[in-house]
Trainee: 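The structure under discussion is supplied below as C-alpha cells; questions concerning it will follow.
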Amino acid sequence: MKALVKTKRGAGNVLIRDIEEPKAGNNQVVIEVKAAGLCGTDYHIYHDEYNSKPPVTLGHEVAGVIAETGPGVKGFKPGDRVTTETYFETCGCCPMCRGGKPNLCPERMSIGSMTNGGMTKYLLVPAGNVHLLPDTVDFKAGSLTEPLACVIHSLLDMANIRPADVVVVSGPGPIGLLACQVVKQCGAYTVVVGVGNDRSRLELAKELGADQTIVADEEDPWEIIAGLTDGRGADVVCECAGAEGSIRACLKLVRRAGQYVQIGLVGQPVKFDIDQIIFKEISIRGGFASIPSSWERALRMMELGLVKTAPLVSHTMPITDWERAFELFKEKSGLKIVFTPVD
Ligand SMILES: [Zn+2]
Ligand SMILES: [Zn+2]
C-alpha cells in the first residue's frame, strides 16, 4: 500500500513509498483509513522540528472503518466507523501512566511520529485506543476528533474558564477555531484575534460563535480588550498561532492573575518578556496532546453539535498530492487539509 513516509531524520526526507499492509495482533485492530488530517505536527516533522523515528508513516488524525480485529478484541467489529487515540504504546507502569497522564509517559510511542500513522490505507492500533464515531459525524469531520481532544485537554483539563470570562483566542487556524468553540461552550465572551490575511478565517470564527474578532495589524487589540474589561485585560488568553508576535501580544492582553494557555507549537525557541509572569502573577498553562477523557468529551461535543469540525475542512486530496498540501499549509491558504488514501 502507498504511504506518506518520513524516511530519515533531517529537514525534508518525506516521500510516497510502498509499505507492507499491517496484520492485527492480540487486542489490536486494523483501520481502513477514510480520512487523515494534515496537522502542524506533520509539518514540523517534515522540517525535523519535532521528534520522529523514521522510517515512519505520517498522520495521527484519522477516521475510518474497522477492517480487521485481532484475537481478544471486544466491542468492535469489521465495518464499525471509528477514530483512534494516538498512543500506540505507553509503558503502563510509570507514575504518569498510573496517574492518568499517559500523554506524559516517557516511553510513549505515538502514531505518525514514532510508529506508523494514518497517511496510508491501513492503520494498525491497539483496540483500547479506538472510539466509535457518532452517526452524525462523517469521516472528514471525524478526523478532527484528535485536534479537538487536544484543545479540550488544554482548555478544560489544564485551564479554568468560567462563564462571562473574557477569553482571547489568538490565531484563527484550525486549532484556534476549535478553541473558540470550546471556549464559547464554557459561557465565556470569546474574542478571536488574527491578522489581515486571516479575514476569511475570522469570518468563520464569527459563524462558529465568536462574540468578536480583532484584526491585529489594523486595530489595537489591547485597546479593544481593555475596553471590554474596564482596563483589566483578558481573564484567559489562548495562544493558538505558535508565533512569537502572538505570544508577546497574549502576554500583554492577559490580566493580572490571569491565565495564559499555550496551545500552538512553535517548533523553536522564542523571545518574550518572562518578567510579565512575575509582574502580573500570570499562570502559564499548557496541555500536551490529550488523555482518554478528552476524546470522550470531544466526541460528545461533536455529537451534540456543540463543536462543529466539518466547516474547518477546506481541502480533501489524495496522499499523492502531499507536496501541494504542504505548500498550502505553509501559505496558510485554506484551513484544514484532509488526505484520502490511494490504492
Ligand atoms: Zn494533530
Ligand atoms: Zn508510562
Side-chain angles (χ1 to χ4, degrees), residues 4 6 14 33 35-47 49-52 56-64 83-119 123 125-126 128-129 131 139-155 171 173-179 182 240-242 262-267 286-292 294-295 298-299 302 307 309 312-315 319 322 325-326 328-330 332 334-339:
L4 186 60
K6 173 94 177 170
V14 167
V33 178
L38 173 64
C39 163
T41 306
D42 302 299
Y43 190 75
H44 286 305
I45 291 172
Y46 175 85
H47 288 287
E49 296 165 341
Y50 190 91
N51 197 23
S52 67
V56 68
T57 304
L58 299 180
H60 58 272
E61 303 182 355
V62 182
T83 181
T84 177
E85 292 181 42
T86 55
Y87 311 130
F88 190 85
E89 216 178 279
T90 52
C91 79
C93 51
C94 74
M96 293 297 120
C97 282
R98 287 183 175 185
K101 286 186 164 287
N103 55 326
L104 299 181
C105 173
E107 309 287 319
R108 185 196 68 254
M109 301 273 277
S110 298
I111 58 169
S113 52
M114 303 304 277
T115 176
N116 281 340
M119 291 182 182
L123 169 68
V125 290
N129 283 7
H131 296 266
F139 293 119
K140 276 193 267 180
S143 71
L144 273 82
T145 312
E146 193 273 342
L148 177 58
C150 295
V151 164
I152 284 173
H153 178 52
S154 289
L155 292 178
I175 292 291
L177 293 172
L178 293 172
V182 172
C240 298
Q262 185 64 39
I263 302 181
L265 274 177
V266 189
F288 178 65
S290 55
I291 55 175
S294 342
W295 285 74
L299 287 160
M302 290 159 80
V307 173
T309 58
L312 306 193
V313 179
S314 59
H315 297 78
I319 54 166
W322 71 273
F326 276 61
L328 289 169
F329 186 92
K330 184 176 150 197
K332 293 214 267 165
L335 208 50
K336 190 75 182 176
I337 300 168
V338 171
F339 286 119

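Counting starts at 1 for both ligands and their atoms, in listed order.
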Trainee: Hey, are the side chains of Phe339 and Leu58 touching, using non-hydrogen atoms and a 4.5 Å cut-off?
Mentor: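 Answer no - side chains too far apart.
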Trainee: Test His60 against Cys39 for side-chain contact (heavy atoms from CB on, under 4.5 Å), laying out the working first.
Mentor: CA-CA 8 Å; His60 58 272; Cys39 163; 3.6 Å; yes
Trainee: Do you know the tightest heavy-atom contact between Val62 and Gly118?
Mentor: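 That would be CG2-CA, 3.8 Å.
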Trainee: May I ask you to check if any N/O/S atom from Cys150 comes under 2.8 Å of the Zn ion (ligand 1)?
Mentor: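 It does not: Cys150 brings no N, O or S atom closer than 2.8 Å to the Zn ion (ligand 1).
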Trainee: Before moving on, can you tell me the angle at the Zn ion (ligand 2) between the SG atom of Cys105 and the SG atom of Cys91, to the nearest 10 degrees?
Mentor: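 Cys105 SG and Cys91 SG form an angle of 110° at the Zn ion (ligand 2).
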Trainee: Near the Zn ion (ligand 2), is there an N/O/S atom from Cys93 that is less than 2.8 Å away?
Mentor: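 Short answer: no, not a single N, O or S atom is under the cut-off.
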Trainee: Rounded to 10°, how many degrees is the angle SG/Cys94-the Zn ion (ligand 2)-SG/Cys97?
Mentor: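 That angle is 110°.
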Trainee: Rounding to 10°, state the angle centred on the Zn ion (ligand 1) that links OE2 in Glu61 with NE2 in His60.
Mentor: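 Between OE2 of Glu61 and NE2 of His60, at the Zn ion (ligand 1), the angle is about 110°.
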Trainee: Hey, mind stepping through Asn103 and Tyr87 against side-chain contact (heavy atoms from CB on, under 4.5 Å) and telling me if it holds?
Mentor: CA-CA 8 Å; Asn103 55 326; Tyr87 311 130; 2.9 Å; yes
Trainee: What do the steps show when you test Leu38 against Met119 for side-chain contact (heavy atoms from CB on, under 4.5 Å), and what is the final call?
Mentor: CA-CA 9 Å; Leu38 173 64; Met119 291 182 182; 4.2 Å; yes
